[in-house]
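Read the numbers this way: they start at 1 and go in the same order the structure lists the ligands and their atoms.
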Amino acid sequence: MLIVGAGPAGASAAHYLAQLGEQVLLVDKAVFPRDKICGDGLTPAAVNELSLMGVDTSSWMRNKGLQVVGGGNDIKFPWPEQTSLPGYGMARARMDLDHDLVRHAQKSGATLLEGVTVNELITRHDGRVVGARGTRGRGKDTERLEFRARLVADAGGVSARLATGAGRTALTNRPMAVAARTYFTSPLGDTDWMVSHLELWDGKPGESNLLPGYGWIFPLGNGLVNVGLGSVSSTKTATKLPYKQIFEAWTANLPAEWGFVPENQQGPLRSAALPMCFNRQPLYADGLVITGDAAGLISPFNGEGIAPALAAGRMLAQTYASACVRPTEHGFDLAMEGYQTALKQQLGGYYSLGRIFVKLIEKPEIMRLCTRYGLPRRHLMKLVHKLLSDGYERHGGDISDRIIQLLTKVVPSA
Ligand SMILES: Cc1cc2nc3c(=O)[nH]c(=O)nc-3n(C[C@H](O)[C@H](O)[C@H](O)COP(=O)(O)OP(=O)(O)OC[C@H]3O[C@@H](n4cnc5c(N)ncnc54)[C@H](O)[C@@H]3O)c2cc1C
């Protein structure tokens, strides 16, 4: 199998495939370690996926939960210890996380090819994908490469070049967010809580203008924090905000002792899009499978894409292993359809709820009411916390788990 893109989705699929004894070639245009614009936050769902992969996270920065600031409230919501999820989250700079993941996939037996950009699919006379072409190097030194494979995976992130080339364009009715982040050295770097600011003000909080969007401060350890903000739209047309200006206005109003000043900034403020709610479908057809951001697997509730990417890689590998034993192409295709079924069983109803959620919160007045009156209600927020972080039990659990399970079943799958 050929996997294009060695981010969390590609590395996870490669690791599991290699473990299952499949031959897997993982190709990336970058050379690792490489950076990726991200908040670097890992919820318990992501921690769980990493533990299933057997990644050693013992030295990584852990956090106790989410501290939510907004509507005059400042409340801490600890990650609950649950049957299916651990009671802690983590944060790890993507420069390190993704490097760890590709090395892990290699150790499991996957072959990694770095510095190769895959530009186009190779198709058979009937349109079926049978490989891909790529290039290495530049100018007159450009080397052209060709790969043949029974299955090609586009795990190339938001650009989804191969999926787009195959006509799997982004659905216009799925939410899309844009977010920007940078790093600061700060005394908050070694604190225990991932902080989320639901209101951004251009002056004194409560007495100035409310800006659209939400902000985060995620401690990474060693005196470093990832600080960012984003906004979400319920359609493919993402909101076009002056992120730099809003970021400057927001951080200027945060306590001076946190140190969010240019002298402490580590690297530029960089932004990227977050495709959500299965915004490219089908996930499998005619020899091409899509995963991670290329398939729009980011959660509309919180912008989390690492956990779904890792889970999708796991499900993709399992499906491929069972498809491979089918002697006919028809049987192979039928078995591969199970990948979309499995992912939608896990996330389909949940993401449909998320689409409703985004439609509500993109109206600032509703967002304001929710933060002001919802946040102080402990029981309600226990449920909301689980909902926003994909932290609910799929089976059993307490009353809030059961309410979410019920809600995800009454909506059509995303
Ligand atoms: C500002 C911001 C903040 C975020 N914060 C969080 C967060 O805190 N927690 C969280 O869980 N998620 C967060 N996300 C989402 C998360 O970053 C993504 O969902 C996640 O990286 C998806 O993983 P992936 O493997 O699908 O794609 P990527 O991580 O984008 O990896 C894709 C890989 O494919 C390679 N590639 C692309 N095209 C080609 C090609 N043509 N040929 C060869 N290689 C190619 C790239 O070099 C890259 O290595 C955030 C996103 C943004 C933009």
Side-chain angles (χ1 to χ4, degrees), residues 2-14 26-43 45-47 49-50 63 89-95 97-99 101-102 112-121 132-136 145 147 152-165 176-182 194 196 214-218 220 226-232 238 243 247 269-276 280 290-299 301-313 316 389-390:
L2 170 67
I3 302 174
V4 179
S12 159
L26 183 60
V27 182
D28 203 291
K29 63 182 180 187
V31 175
F32 289 82
R34 63 101 181 87
D35 195 15
K36 154 79 178 87
I37 304 168
C38 188
D40 306 331
L42 300 166
T43 60
V47 175
E49 287 298 334
L50 290 162
N63 55 65
M90 294 193 297
R92 185 151 178 87
R94 290 293 296 274
M95 184 76 98
L97 174 79
D98 291 25
H99 196 207
L101 294 179
V102 287
L112 175 71
L113 199 55
E114 299 170 87
V116 172
T117 304
V118 178
N119 315 301
E120 62 173 330
L121 294 165
R133 290 190 189 90
T135 53
R136 178 160 45 193
L145 302 163
F147 310 99
V152 176
D154 185 350
V158 64
S159 64
R161 190 192 280 209
L162 301 180
T164 310
M176 181 73 85
V178 177
R181 70 93 173 96
T182 185
M194 297 171 87
S196 183
Y214 57 91
W216 71 79
I217 303 162
F218 292 166
L220 288 165
N226 180 314
V227 185
L229 57 79
S231 73
V232 63
Y243 290 97
F247 188 85
L269 181 74
R270 294 177 68 204
S271 66
L274 292 86
M276 299 172 158
R280 286 176 203 267
I290 55 178
T291 190
D293 278 11
L297 297 188
I298 294 181
S299 166
F301 285 108
N302 62 358
E304 173 181 34
I306 299 170
L310 297 175
L316 170 55
S389 62
D390 192 1

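By the criterion of a heavy-atom distance under 4.0 Å, neither the backbone nor the side chain of A46 is placed next to ligand 1. At a heavy-atom cutoff of 4.0 Å, ligand 1 is contacted by no atom of L297, backbone or side chain. Counting heavy atoms under 4.0 Å from ligand 1, residue E304 touches it through both backbone and side chain. Contacts between I298 and ligand 1, counted as non-hydrogen atom pairs separated by less than 4.0 Å, involve the side chain only. At a heavy-atom cutoff of 4.0 Å, ligand 1 is contacted by both the backbone and the side chain of I306.
For the side-chain contact (heavy atoms from CB on, under 4.5 Å) test, residues two or more places apart in sequence or in another chain that qualify with R136 are L113, V116, E143, L145. Qualifying salt bridge (Lys or Arg N to Asp or Glu O under 4.0 Å) partners for R270, counting only residues two or more places apart in sequence or in other chains: D35.
Between A307 and ligand 1, a contact under 3.5 Å exists for no N or O pair.
Among V118, N119, L42, the residue whose heavy atom lies closest to atom 41 (N) of ligand 1 is V118.
In this structure, V116 counts as a contact residue of ligand 1, since one of its heavy atoms falls inside 4.0 Å of the ligand. Look at G228 and you'll find every heavy atom at least 4.0 Å from all atoms of ligand 1. Residue contacts with ligand 1: R34 is included, with a non-hydrogen atom under 4.0 Å away.
Taking atom 20 (C) of ligand 1 as the reference point, the nearest protein heavy-atom neighbour is R94 NH1, 3.8 Å.
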